Amino acid sequence: MRSIRILFVDDESRRMTPMIEELKDEGHEVVFEASVDRALALLRDHTQPFDLAVLDIFIPPGQSFKTVDTEGGTRTGLLFYDELRRLRPTLKVVVLTNVGDRQVAERFAAEDQNLCRFIRKPEVLPFQFVTELDRFFEDH
Amino acid sequence: MLPKFVDIGDDAKKLREFKNLLLTRHTCSSFSSVQDLAVNVGIDLIRYLEPQVPESDDDPSQAFSREMPPLLQWEVFTRVNHEMTAPLSAIRNNLSRLRRRRAAMNADNVDRILEDMATDAEILRYQLQLLEYELEARAGRSAKHPLKTERVLLFPDVISKTINELKPMVRDQGLDPACITYDLTNMHKIGPVHIDRRKISQIIFNLFVNAVKYSEEPDTFRIHIAAEERKDRYVIKFRDWGIGVEEGFEDKIFDEGFRTAAAVQKVSGSGLGLTIARRLVREHGGDLVLKNRAKPTEFEILIPKNLPEAV
């Protein structure tokens, strides 16, 4: 399994530590960003190569989405995803979130499944997450 | 999601009423952004269209808007769900890491993971209590339940105990727990008090979590807690030097589900913490008041002295 360089966007750094350490233990490189503003800056910087992005949905909107209705931050990741797609159309994205309502799940089910996977945080343990992520990356 | 277009018809009287409602509740200076204004006008619009929503919270049994508009209920529910699922997932994930990787970890790593798990377990416990209080209020039951008062010491049994359990949260934000200070001289002068320990601890938790979440830079982070005894009450003064409360929102921050635009931009949250904290202390016959908006933000928890110890 080759090493993957991952942009991991989530506002809860302490709680994401088990996932990040599991990824590192399996040989992957993780760039963690808790702010959507800084994460978008990295995506705009095309000297920053990423093989894959992991993205939460319920994140503070920061300055990037302050003028948009994010429904109290519960939908920030949807807007972030659209912007990410515009900046990096072929980047594989794993949406990893506690937000589990049908509207959000259907939104990502409608995406090209070669480029996007939707995973609910409570449904995967760190080692299972890494296995799913490896499979997704190796597919196609 | 707030509706984009709402047709309230051509009833001139209703339109006038709505216009007057907006004029009395909103002035441009009260809002820091157009989005802020739009969100709050939207909330009023929903309340206008569903006028059974109570405005007053003078009566503790009516303190929660039990008939909160469904559109707002959904957003608040999503936030509460997140606040509980997140610590639960973190505990499971840390447990899984320990079971699979413990042999390769050093003692410091194991200690850190155990501390994280303990913190998330405490946070989950408080979030579940928060949900319990919310559901009780919606069912109209809370005010009928007697307080379970007991004889406790405010500082060691409630304040210090609650905050010590949550210190990893502080470090998680890149903040220094040493910047949490207490006025111990006055605190220790207060003898045993009769309070519902679980409920007053919940208030400390809610204020503390807000102070950490809405802190600014690590070098300006500070929380100071003082207490004093007055003729008929005890007062816990909770001060922090975070983003503060914007002018014009001094009362609205106690509304169920309400979050200022600055708070929304900074961090996720349920918008229930202050509402429930105020309600819990009002059940004691006391109050939670905002004494100062910013630098420091100061809340006073007022607890009556004459509460009997429960049998």
Side-chain angles (χ1 to χ4, degrees), chain A residues 10-26 32 34-37 56-79 96-105 107 119-131, chain B residues 1-2 4 33-36 38-39 42 71-72 74-79 81-101 104-105 109 112-113 116-117 119-120 123 168-169 171-174 213 257-259 261-271:
Chain A
D10 196 302
D11 63 318
E12 296 189 298
S13 60
R14 181 174 62 83
R15 288 182 177 148
M16 285 301 100
T17 301
M19 296 295 196
I20 292 165
E21 289 187 347
E22 192 74 19
L23 285 166
K24 288 179 177 172
D25 284 345
E26 292 300 323
F32 181 83
S35 138
V36 290
D37 300 330
D56 192 12
I57 296 296
F58 187 1
I59 324 175
Q63 293 301 306
S64 303
F65 304 113
K66 70 182 281 190
T67 58
V68 192
D69 179 13
T70 60
E71 295 183 41
T74 59
R75 296 290 186 268
T76 303
L78 301 178
L79 301 163
L96 179 68
T97 183
N98 283 316
V99 177
D101 65 77
R102 192 171 149 186
Q103 187 191 9
V104 171
R107 159 78 168 77
I119 300 175
R120 289 204 63 226
K121 282 179 184 173
E123 291 168 7
V124 286
L125 293 169
F127 75 95
Q128 294 165 329
F129 171 65
V130 174
T131 304
Chain B
M1 183 179 289
L2 296 172
K4 283 182 178 151
S33 68
V34 173
Q35 183 202 16
D36 217 11
V39 166
L71 297 168
L72 292 183
W74 176 255
E75 185 179 318
V76 172
F77 170 76
T78 302
R79 292 190 229 146
N81 180 47
H82 182 272
E83 295 290 304
M84 293 202 296
T85 312
L88 179 61
S89 297
I91 292 167
R92 290 181 70 236
N93 290 342
N94 273 316
L95 190 58
S96 169
R97 287 273 303 164
L98 273 183
R99 291 173 73 177
R100 293 173 55 85
R101 304 267 184 189
M105 288 178 185
N109 252 338
R112 183 188 53 76
I113 289 175
D116 275 352
M117 288 171 69
T119 301
D120 278 319
I123 291 172
M169 264 185 73
R171 284 192 280 272
D172 183 35
Q173 303 282 321
K213 288 199 316 192
F258 177 80
R259 303 184 73 218
V264 168
Q265 275 167 42
K266 186 152 180 64
V267 73
S268 57
S270 69

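What you are looking at is a predicted structure, and each value in this text was computed from that prediction instead of being measured. All chains are named by letter (A, B, ...) in the order of the sequence lines, taking the proteins before the strands, and each is independently numbered beginning at 1.
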Can you name the closest pair of heavy atoms from B:N93 and A:V124 and give their distance? OD1-O, 3.5 Å

Does A:E12 pair with B:K213 as a salt bridge, N-O distance under 4.0 Å? no

Side chains of A:L125 and B:R100: closer than 4.5 Å at any heavy-atom pair? no

Under a 4.5 Å heavy-atom cutoff, which of B:A104, B:P168, B:A86, B:S89 has the most pairs with chain A? B:A86

Please classify the contact of B:I123 with chain A as side chain, backbone, both or neither, using a heavy-atom distance under 4.5 Å. side chain

Which atoms of B:N94 are under 4.5 Å from chain A, going by heavy atoms: the side chain, the backbone, both sets, or neither? both

Checking B:S96 against chain A: side chain, backbone, both or neither under 4.5 Å from a heavy atom? side chain

Might you work through the salt bridge (charged side-chain N to carboxylate O under 4.0 Å, His left out) test for B:R101 and A:E26, ending with a clear yes or no? CA-CA 12 Å; B:R101 304 267 184 189; A:E26 292 300 323; 2.8 Å; yes

Is A:T17 close to chain B through its backbone or its side chain, or both, or neither, when contacts mean heavy atoms under 4.5 Å? side chain

Would you mind checking which part of A:M19 comes under 4.5 Å of any heavy atom in chain B, side chain (CB onward), backbone (N, CA, C, O), both or neither? side chain

Got a salt bridge between B:R97 and A:D25, using NZ or NE/NH1/NH2 to carboxylate O under 4.0 Å? yes

How long is the gap from CE on B:M84 to CG on A:N98, to the nearest 0.5 Å? 11.0 Å

Looking at A:Q128, A:E21, A:E123, which has the largest count of heavy-atom pairs under 4.5 Å with chain B? A:E21

A:D56: which residues meet the salt bridge (charged side-chain N to carboxylate O under 4.0 Å, His left out) condition with it, sequence neighbours left out? A:K121

Check each atom of B:R171 against the heavy atoms of chain A and say whether the ones under 4.5 Å are side chain, backbone, both or neither. neither

A side-chain contact here means heavy atoms from C-beta on lying under 4.5 Å apart; do B:D120 and A:R14 qualify? yes

